[in-house]
Amino acid sequence: MKLRAVSFVLLLATGLLLLASCGPAPKTADVSTAPATEGQTYTLQANAEGKVENGRIEQFYTDRAPASVTGEAIAQYIADDRSSDALAELYADADEVSSLPILGTYLEKTSLFVCLFKKQGELIGAHALALDPDGSVTGELSALLGGTVGTPFADATCFEKISACLSAYPDFEILGVVYQDPGLSRIYPVGKNAEDDRILYYENELTEFRLVEPFSTIEDGRAAFDAYWAFKATVLSSLQIFEWTNYDRYPYINKYRYQDVCSSGADAASYQYLYDSDWYLLVPLLNTDGEEGDCALYLLYQNNKLIAETILQVDPDGVIRAAKERVSEKDPATGKYIGLDGIDYATECERILPSDKTTVKGIGFDGENYFVVYR
């Protein structure tokens, strides 16, 4: 498989990160987990699984983080005359100190922690620190990032978000705070409500994570997302994806599902799959002139089940339509999608591509069938 050599285009979909119809959709994309907004395109670095790297936060990913930050570790850091005035003042003023792990986009462990400072039971401040595996403080996140003023990673912003969460949901036990950097940077607390076994995240309200089945511990969620990425890597390995550079006439799926298809007069039941999907992969296609930008293949998934294979095409007037689509039937007994058997695009590529792919520019679509475009 030939993935775009340097980057993926990530369309941030309506919803929230691990969150609502999220997100996170690269050129072989993920619309998944992380609070995100529609209509913005970012060129982001991605790995072979299509997983977008977590920007400045990824450098702190580790499996060797301590369990928490101790008051003694903070005191030693201050005694060594290494702390900022803000941290020293908070520590001196507080009568109780606790900490929460800072997590990656998909709940990855990091060496970062948010320290919470309380006085007479009231939360008075939050400060993000980096730790060595032995538990000693190595630095303050703001300084390590070269400043966080005006960004979601600012300690004041974290304090406000945690305070708002606890105010709105006093029974919500915060177990960690996700710091998400790519595209639209943001942070959000994760944890669980009393009498609710599911791990939820707070983004103005408590919401269940997308892409994976509900989970009851951070560790289970991390494992579920690892399995999700492994599945996506397997799917990507079955696809032939050629380099693509022209994004100007990109057939955005969200314009189609929230605008064009609604005004097309089609029966709403026929395109319900667009809203039932919680992530998708996007494969660029060439038109009959061998040009980019007019059409693209979307593989739409519900969890790890392929529920639709749709080719979207941009008409000359800018309206996006489905040029061809396969949609899974539903089980009459459960109302759930049965899932499609295989990917037509992968099957056709295997049939039509030559053994020497160095002469191939890409795969085209003529309105009915796929064809090979040569350089």
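Computed from heavy atoms alone, side chains included, the values below leave out hydrogens, waters and symmetry copies. This one's a predicted model, so the numbers in the text were calculated from it and none came from an experiment.
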K.L.:
Looking at D317, is its backbone amide N or carbonyl O close enough to the side chain of D315 to form a donor-acceptor pair, meaning the two atoms are under 3.5 Å apart?
P.N.:
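No, the answer is negative, given that no donor and acceptor are paired below the 3.5 Å cut-off.
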K.L.:
Decide if atom CG of D80 counts as having more than 12 heavy atoms of other residues, nucleotides or ligands within a radius under 6.0 Å.
P.N.:
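Counting neighbours around CG of D80, more than 12 heavy atoms of other residues, nucleotides or ligands fall under 6.0 Å, so yes.
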K.L.:
Does any non-hydrogen side-chain atom of F225 lie less than 4.5 Å from one of F215?
P.N.:
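A side-chain contact exists here, since the closest heavy-atom pair is under 4.5 Å.
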K.L.:
Would you list the pairs meeting ring-ring contact (aromatic ring centres under 6.0 Å, His included) in which at least one residue belongs to residues 128-158, sequence neighbours left out?
P.N.:
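Non-adjacent pairs meeting ring-ring contact (aromatic ring centres under 6.0 Å, His included): F153-Y179.
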K.L.:
Got a donor-acceptor contact below 3.5 angstrom from the S270 side chain to the A266 backbone?
P.N.:
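Answer holds: no.
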K.L.:
Verify whether the ring centers belonging to Y201 and F209 lie closer than 6.0 Å.
P.N.:
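Judged by ring-centre distance (under 6.0 Å), Y201 and F209 do meet the cut-off.
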K.L.:
Looking only at heavy atoms, which two atoms of S277 and R210 are closest? And how far apart?
P.N.:
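Heavy-atom minimum between the residues: O-NH2, 3.7 Å.
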K.L.:
Hey, is the main chain of I57 close enough, under 3.5 Å, to the side chain of Q59 for a donor-acceptor pair?
P.N.:
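It does not hold such a pair.
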K.L.:
Tell me if the CG atom of D134 is crowded by more than 12 foreign heavy atoms within 6.0 Å.
P.N.:
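Counting neighbours around CG of D134, more than 12 heavy atoms of other residues, nucleotides or ligands fall under 6.0 Å, so yes.
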K.L.:
Can R198 and E208 be counted as an ion pair, charged N to O under 4.0 angstrom?
P.N.:
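A salt bridge links R198 with E208.
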K.L.:
For Y337 and D276, test the side chains for any donor-to-acceptor distance below 3.5 angstrom and give the result as yes or no.
P.N.:
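The answer is yes; a qualifying pair exists.
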K.L.:
Is there a donor-acceptor pair closer than 3.5 Å between any side-chain N or O of S163 and the backbone N or O of F159?
P.N.:
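Checking the backbone N and O of F159 against the side chain of S163, a donor-acceptor pair under 3.5 Å is found.
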K.L.:
Decide yes or no for Y345 and I363: does some side-chain heavy atom of the first lie under 4.5 Å from some side-chain heavy atom of the second?
P.N.:
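In short, these two side chains touch, coming nearer than 4.5 Å.
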K.L.:
Is a donor on one side and an acceptor on the other found under 3.5 Å between the side chain of R321 and the backbone of Y256?
P.N.:
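Answer holds: no.
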K.L.:
Measuring from E292:CD to N287:CG, what's the distance to the nearest 0.5 Å?
P.N.:
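Here the interatomic distance stands at 9.5 Å.
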K.L.:
Drop me the distance from D366's CG to C295's SG, to the nearest 0.5 angstrom.
P.N.:
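Between atom CG of D366 and atom SG of C295 there are 9.5 Å.
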K.L.:
Just say parallel, tilted or perpendicular for the rings of W279 and Y301, cut-offs at 30° and 60°.
P.N.:
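Judged by the thresholds at 30° and 60°, the geometry between W279 and Y301 is parallel.
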K.L.:
Show the nearest heavy-atom pair for residues A346 and S238, with the distance to one decimal.
P.N.:
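That closest heavy-atom pairing would be CB-O, 3.5 Å.
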K.L.:
Using only heavy-atom distances, determine whether the side chains of N54 and Y61 contain a donor-acceptor pair under 3.5 Å.
P.N.:
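A pair is found: one side chain offers a donor N or O, the other an acceptor, under 3.5 Å apart.
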K.L.:
Taking all non-hydrogen atoms of both residues, which atom of P152 and which atom of I187 are closest, and how far apart?
P.N.:
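Scanning both residues, the minimum pair turns out to be O-CD1, 3.5 Å.
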K.L.:
Could you check if a side-chain atom of V190 sits within less than 4.5 angstrom of a side-chain atom of L200, using non-hydrogen atoms only?
P.N.:
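No - every pair of side-chain heavy atoms lies 4.5 Å or more apart.
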K.L.:
Could you tell me whether the side chain of T207 and the main chain of E203 form a donor-acceptor pair under 3.5 Å?
P.N.:
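Answer holds: no.
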K.L.:
Please confirm whether the backbone N or O of D197 pairs with a side-chain atom of S216, one donor and one acceptor, at under 3.5 Å?
P.N.:
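Between the backbone of D197 and the side chain of S216 there is no qualifying donor-acceptor contact (under 3.5 Å).
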K.L.:
Salt bridge between E329 and K336, side-chain N to carboxylate O under 4.0 Å?
P.N.:
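No, E329 and K336 are not salt-bridged.
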K.L.:
Are any of the side-chain heavy atoms of L175 and L100 separated by less than 4.5 Å?
P.N.:
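With C-beta onward as the side chain, the pair stays apart.
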K.L.:
Mind listing the closest non-hydrogen atom pair of F365 and F371 along with its distance?
P.N.:
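Looking at all heavy atoms of both residues, the shortest contact is N-CE2, 3.3 Å.
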K.L.:
When you group the ILVMFWY residues by side-chain heavy-atom contacts below 4.5 Å and let the links chain together, are Y374 and Y370 in the same group?
P.N.:
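Same cluster.
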K.L.:
Do R186 and Q180 pair up side chain to side chain, a donor and an acceptor below 3.5 Å, judged on atom types alone?
P.N.:
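No, no side-chain donor-acceptor contact under 3.5 Å.
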K.L.:
Keeping T310 on the side-chain end and Y298 on the backbone end, is there a donor-acceptor pair under 3.5 Å?
P.N.:
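It does not hold such a pair.
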K.L.:
Can you establish whether the number of heavy atoms outside K361 located under 6.0 Å from its atom NZ is more than 12?
P.N.:
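Check passes, neighbour count above 12.
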K.L.:
When you compare the side chain of K330 with that of I338, does any pair of heavy atoms fall below 4.5 Å?
P.N.:
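Side chain of I338 against side chain of K330, heavy atoms only: no contact under 4.5 Å found.
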K.L.:
Find out if a path of hydrophobic residues (ILVMFWY) with successive side-chain heavy-atom gaps under 4.5 Å connects L285 to V319.
P.N.:
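Result: no, two separate clusters.
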K.L.:
Report, as yes or no, whether the 6.0 Å neighbourhood of atom NZ on K119 holds more than 12 heavy atoms from other residues, nucleotides or ligands.
P.N.:
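Counting neighbours around NZ of K119, 12 or fewer heavy atoms of other residues, nucleotides or ligands fall under 6.0 Å, so no.
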K.L.:
What do the steps show when you test I218 against I199 for side-chain contact (heavy atoms from CB on, under 4.5 Å), and what is the final call?
P.N.:
CA-CA 7 Å; I218 297 293; I199 295 291; 4.2 Å; yes
K.L.:
In this structure, are over 12 heavy atoms from other groups packed under 6.0 Å from K324 atom NZ?
P.N.:
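For K324, atom NZ is crowded (more than 12 foreign heavy atoms under 6.0 Å).
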K.L.:
Set out, in order, the CA-CA distance, both residues' side-chain angles and the distance that settles side-chain contact (heavy atoms from CB on, under 4.5 Å) for R326 and D344, then state yes or no.
P.N.:
CA-CA 9 Å; R326 296 171 61 219; D344 273 3; 3.0 Å; yes
K.L.:
Just verifying a value: how many Å separate T62 OG1 and R64 CZ, rounded to the nearest 0.5 Å?
P.N.:
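Going from OG1 on T62 over to CZ on R64, the span is 6.0 Å.
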K.L.:
With rounding to the nearest 0.5 Å, note down the distance linking OG in S263 to OH in Y258.
P.N.:
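Spacing of OG (S263) from OH (Y258) equals 15.0 Å.
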K.L.:
Do L211 and N303 have side-chain heavy atoms sitting under 4.5 Å apart?
P.N.:
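Not touching, per the 4.5 Å side-chain cut-off.
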K.L.:
side-chain contact (heavy atoms from CB on, under 4.5 Å) between Y202 and I174: does it pass, once the steps are laid out?
P.N.:
CA-CA 9 Å; Y202 172 77; I174 301 177; over 6 Å; no
K.L.:
Within this structure, what is the OG-NE2 distance for the pair S83 and H127, rounded to the nearest 0.5 Å?
P.N.:
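One gets 8.0 Å once the value is rounded to the nearest 0.5 Å.
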K.L.:
Can you check whether D260's main-chain N or O pairs, donor with acceptor, with K255's side chain at less than 3.5 Å?
P.N.:
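It does not hold such a pair.
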K.L.:
Counting distance only, does the side-chain N/O of S264 pair as donor-acceptor with the main-chain N or O of V261 below 3.5 Å?
P.N.:
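At least one qualifying donor-acceptor pair exists.
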K.L.:
Does the side chain of D294 come under 3.5 Å of the side chain of Q313 through a donor N or O and an acceptor N or O?
P.N.:
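Judged by distance alone, the side chains do not pair up.
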K.L.:
Could you tell me which non-hydrogen atom of R56 sits nearest to which non-hydrogen atom of L145, and how far apart they are?
P.N.:
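In terms of heavy atoms, the two residues are closest at CB-CD2, 3.7 Å.
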K.L.:
Show your reasoning for whether side-chain contact (heavy atoms from CB on, under 4.5 Å) applies to V360 and L353.
P.N.:
CA-CA 8 Å; V360 177; L353 279 170; 4.1 Å; yes
K.L.:
Tracing side-chain links under 4.5 Å among I, L, V, M, F, W and Y, which residues wind up in one group with V97?
P.N.:
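V69, I74, Y77, I78, L87, L90, Y91, F113, F117, I124, L129, L131, V137, listed by chain and number.
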K.L.:
Regarding E205 and Y169, do their side chains bring together a donor and an acceptor under 3.5 Å, going by distance alone?
P.N.:
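Side-chain D/A pair, E205 to Y169: absent.
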K.L.:
Contact between T151 and T157 at the side-chain level, heavy atoms closer than 4.5 Å - yes or no?
P.N.:
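No, their side chains stay 4.5 Å or more apart.
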K.L.:
Which atoms form the tightest heavy-atom contact between A65 and S111, and what is the distance?
P.N.:
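So the minimum-distance heavy-atom pair works out to CB-CA, 4.3 Å.
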K.L.:
Without hydrogens or angle criteria, can the side chains of S142 and T148 be said to hold a donor-acceptor pair below 3.5 Å?
P.N.:
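Note: S142 and T148 side chains meet the donor-acceptor criterion.
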K.L.:
Is there a side-chain contact between Q240 and E350 in this structure, where contact means two heavy atoms from C-beta onward sitting under 4.5 Å apart?
P.N.:
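They are not in side-chain contact.
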K.L.:
Could you state the interatomic distance from OG (S328) to CD (E309), rounded to the nearest 0.5 Å?
P.N.:
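Going from OG on S328 over to CD on E309, the span is 12.0 Å.
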